[in-house]
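Let me begin by presenting the structure, written as structure tokens, before commenting on it.
The model shown is predicted, which means the values in this text are computed figures rather than measured ones. Throughout, residue positions are numbered sequentially from 1 according to the sequence presented.
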Amino acid sequence: MLATIYFLVDAVFMTVARPFANRIAAHRIFGSLRIRIVSLRPYPTLALFAVPLIVLEPVKPVAAYLAGTGHIAMGMTVLVVGEVLKLVLVERLFSVSREKLISIPAFAWTYGRYSQAKEWLDSFEAWQTARRWRRLARYAVRSYVQEVRASQRLERVSFQPR
């Protein structure tokens, strides 16, 4: 049960982290960093891939401790910032170095099992329904934000004489 909750937290934060990671990757400063990462061999790439996991994975228990001791806002802040940062870094590193990482047999086996589990989960009707609801919610939020922005633009334009 705890493992399920643990991975669900990562799944929720991944929906936030992916667009953020794409924006970060678009910056030119990361171009040279990307070239250096691509030039690494498979095992140093794996070590680099493991660094954000090792450093930022303790964020969840720290956030739980903070929330448990009454610092709920601080615990939520630590959880959100740490998880988004971890997932952004891991997602970017994986997208840049996927082929090298999969050339490592143990990583390829683990990634294969992960892909099978993801396909199995995607096959459930409840999961597909939840994804549809998420898309609908995202569409509703985007529509609302666009309406608010449009109304703010109209408020700035004054048609009354001064």
Side-chain angles (χ1 to χ4, degrees), residues 1-69 71-139 141-142:
M1 181 68 165
L2 289 176
T4 303
I5 293 169
Y6 188 81
F7 287 114
L8 282 175
V9 169
D10 275 352
V12 167
F13 281 104
M14 194 56 175
T15 61
V16 174
R18 184 162 286 138
F20 187 66
N22 291 338
R23 285 186 191 158
I24 288 174
H27 290 281
R28 65 181 174 92
I29 194 167
F30 293 104
S32 62
L33 186 59
R34 184 181 189 280
I35 291 170
R36 287 186 177 169
I37 292 170
V38 168
S39 70
L40 292 174
R41 295 170 61 180
Y43 285 98
T45 302
L46 179 62
L48 181 64
F49 183 75
V51 168
L53 293 172
I54 293 168
V55 172
L56 295 170
E57 200 58 40
V59 163
K60 289 177 192 166
V62 168
Y65 172 77
L66 287 170
T69 57
H71 306 328
I72 296 172
M74 180 61 79
M76 290 303 294
T77 303
V78 167
L79 178 68
V80 169
V81 170
E83 280 298 301
V84 168
L85 183 62
K86 178 187 76 169
L87 292 172
V88 164
L89 291 172
V90 167
E91 197 274 333
R92 277 293 101 197
L93 286 171
F94 184 73
S95 67
V96 167
S97 57
R98 179 180 175 188
E99 297 305 317
K100 286 186 183 179
L101 290 170
I102 290 180
S103 71
I104 300 170
F107 192 93
W109 181 86
T110 305
Y111 183 71
R113 296 297 177 259
Y114 165 78
S115 297
Q116 285 177 342
K118 190 174 174 186
E119 288 173 11
W120 176 73
L121 187 62
D122 286 340
S123 70
F124 287 114
E125 183 67 31
W127 184 258
Q128 293 169 6
T129 301
R131 291 185 73 177
R132 274 193 300 273
W133 288 352
R134 186 188 82 189
R135 282 191 299 270
L136 288 171
R138 188 181 332 161
Y139 175 74
V141 168
R142 282 183 184 167

Can you measure from [atom1] ([X]) to [atom2] ([Y]) and round to the nearest 0.5 angstrom?
X      : Y      : atom1 : atom2 : value
Thr45  : Glu99  : OG1   : CD    : 12.0 Å
Arg98  : Phe107 : CZ    : CZ    : 9.5 Å
Arg134 : Trp127 : CZ    : CH2   : 8.0 Å
Glu91  : Leu93  : CD    : CG    : 9.5 Å
Ile72  : Met74  : CD1   : CE    : 13.0 Å
Ser95  : Arg34  : OG    : CZ    : 7.5 Å

Inset, instruction - Determine whether the side chains of Ser39 and Arg36 contain a donor N or O and an acceptor N or O closer than 3.5 Å. - result: no
Closest approach of [X] and [Y], non-hydrogen atoms and distance?
X      : Y      : answer
Gly75  : Leu66  : CA-CB, 3.7 Å
Ala63  : Leu79  : CB-CB, 3.6 Å
Gln128 : Asp122 : NE2-O, 2.9 Å
Pro42  : Lys100 : CB-O, 3.6 Å

Legend entry - Check: Leu89 and Leu56 side chains under 4.5 Å, non-hydrogen atoms: yes
Inset, instruction - With the side chain counted from C-beta on, respond yes when Leu40 and Ser97 share a heavy-atom pair under 4.5 Å apart, and no when they do not. - result: no
Inset, instruction - Tell me, yes or no, whether the heavy-atom count around Phe94 atom CZ, taken from other residues, nucleotides or ligands under 6.0 Å, exceeds 12. - result: yes
Legend entry - Over 12 non-hydrogen atoms of neighbours within 6.0 angstrom of CZ in Arg41: no
Inset, instruction - Determine the sole option in Ile37, Leu33, Leu101, Ile35 for which the side-chain contact (heavy atoms from CB on, under 4.5 Å) test with Val96 is passed. - result: Ile37
